[in-house]
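Following: one structure in structure tokens, then a few remarks.
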Amino acid sequence: MQTKPFRIGTRGSPLALAQAAETRARLMAAHDLPEEMFEIVILSTTGDRIVDRPLSEIGGKGLFTLELEEQLMSGELDFAVHSSKDMPTVLPDGLCLSAYLPREDIRDALIGRTAASLTALPDGATVGTASLRRQALVRRIRPDIQVTIFRGSVGTRLRKLDEGHVDATLLAFAGLKRLAREEVVTELLDPADFPPAPAQGAICIESRTGDSRVADFLDAINDRPTYDAVSCERAFLGALDGSCRTPIAGYALCEGDHLRFSGLILTPDGRQEYAVELEGPRSEAESLGRQAGETVRAAAGPGFFETWS
């Protein structure tokens, strides 16, 4: 029986802390444990400290997980809580994604200062976002819009917007809901026209491979539909060698024992794209994601990524 508190690793942003607190609350309820049986350990990651450059220039998604994973592997943490879309497709040896919380809304939200919707923004307006996917999708819909790099916490980006740095910004609606900031949203973008990043809206929990005690403990809060859907989406990314250097969108929906997947890759200017749709049994979620990635890669041809990666 566990006698000392479980150590939960997290980044220190308000959103990361909200996600860690939600994980703790679900574990407390599932196992009838008091709050003092959990210690939330806050770590600063390289991605948190470098906010003046795009992730693609400083090393990619792993910059948000490196310090947490080092302490996981050393045994300083029992498990770590992440935004799933921040996770690299290949994890360090000895670590795995053990559980997912029930997924939140997958949509992107526009927060407009000079207009309420993307289509209503004035000609030549500026939109702030660090996501290559969002940049490409904005340019696909509105080639006239100027896109500028916007990084930092949700609060930092909203402050920059209020100060007039840009006309609008884009954030994941899931994060705004977790922070109880839904009131700032001026438009929710339809996933059919503005598809989300793979794993958007999902909180994952990372632990040591082979640690059956922790795995069994976390399994009590694992949401299987989210687990299967995100596993499919991550397999799609993996087949494309996807990272923050590539504009890639994709999402899977579980309907009973069935799974439907839609994926998209774009050039950064939004002018060229290749889409894929697949469906099949949920039990084959990962293989469906890989198949979708291989299909869209073959359709795009070998030169599609090399010309701008």
E233: which of R103, K85, R260 passes salt bridge (Lys or Arg N to Asp or Glu O under 4.0 Å): R103
Sub-4.5 Å side-chain heavy-atom contact between [X] and [Y]:
X    : Y    : result
E69  : L91  : yes
V230 : C204 : no
L170 : V138 : yes
V154 : P14  : no
Q146 : D167 : no
L97  : R234 : yes

Between [X] and [Y], does at least one N-O distance fall below 4.0 Å, as a salt bridge requires?
X    : Y    : result
E273 : R140 : yes
E39  : R7   : yes
R133 : D108 : yes
R24  : E35  : yes

[atom1]-[atom2] distance between [X] and [Y], expressed to the nearest 0.5 angstrom:
X    : Y    : atom1 : atom2 : answer
I149 : L132 : CD1   : CG    : 7.0 Å
I141 : T119 : CD1   : OG1   : 8.5 Å
C96  : E206 : SG    : CD    : 8.0 Å
L259 : E286 : CG    : CD    : 11.5 Å
T226 : E104 : OG1   : CD    : 10.5 Å
T169 : L158 : OG1   : CG    : 7.5 Å

Under 4.5 Å between side-chain heavy atoms, hopping through other hydrophobics if needed: is there a path connecting [X] to [Y]?
X    : Y    : value
V127 : F194 : yes
L237 : F261 : yes
Y251 : L171 : no
L17  : L15  : no

Looking at every non-hydrogen atom in both residues, tell me the closest pair between [X] and [Y] and how far apart they are.
X    : Y    : result
V166 : T126 : CA-OG1, 3.3 Å
A292 : V276 : O-CG1, 3.9 Å
P122 : A115 : CD-CB, 4.5 Å
P88  : T65  : CD-OG1, 4.1 Å
L264 : F236 : N-CZ, 4.0 Å
A300 : I265 : CB-CD1, 3.9 Å

Are the side chain of [X] and the backbone N or O of [Y] linked by a donor-acceptor pair below 3.5 Å?
X    : Y    : answer
R208 : G94  : no
S117 : E187 : no
Q135 : T129 : yes
R142 : A125 : no
H31  : F217 : yes
Q200 : I106 : yes
R297 : L240 : yes
S207 : S98  : no
R139 : I145 : no
R113 : E163 : no

- line: Only one of L27, D78, L218 passes side-chain contact (heavy atoms from CB on, under 4.5 Å) with I205, and that residue is L218
field: Of P195, P196, S131, the residue whose pairing with L137 passes side-chain contact (heavy atoms from CB on, under 4.5 Å)
entry: P195
task: Determine whether more than 12 heavy atoms belonging to other residues, nucleotides or ligands lie under 6.0 Å from atom CZ of R213.
output: yes
field: side chain to side chain contact (heavy atoms under 4.5 Å, CB included) evaluation trace for D223 with L101
entry: CA-CA 6 Å; D223 185 72; L101 303 193; over 6 Å; no
query: Angle class for the F304/Y274 ring planes (parallel below 30°, perpendicular above 60°, tilted otherwise)?
result: perpendicular
task: Return the orientation label for the Y100 and Y227 ring planes: parallel under 30°, perpendicular over 60°, tilted otherwise.
output: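 Perpendicular.
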query: Between E284 and R282, does a salt bridge (Lys or Arg N to Asp or Glu O under 4.0 Å) hold up when you go through it step by step?
result: CA-CA 5 Å; E284 300 175 9; R282 267 177 61 184; over 6 Å; no
message: Between T10 and Q19, is there a side-chain donor-acceptor contact under 3.5 Å, judged purely by atom types and distance?
response: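 Their side chains do not contain a donor-acceptor pair, so the 3.5 Å distance test is not met.
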message: Could you walk me through whether R181 and L176 satisfy the side chain to side chain contact (heavy atoms under 4.5 Å, CB included) test, starting with their C-alpha distance in whole Å, then the side-chain angles of each, then the deciding distance to 0.1 Å, before giving a yes or no?
response: CA-CA 5 Å; R181 296 300 309 271; L176 292 168; 4.0 Å; yes
- request: Test side chain to side chain contact (heavy atoms under 4.5 Å, CB included) on R11 and D86 and set out the steps.
  value: CA-CA 12 Å; R11 296 162 58 198; D86 289 339; 3.2 Å; yes
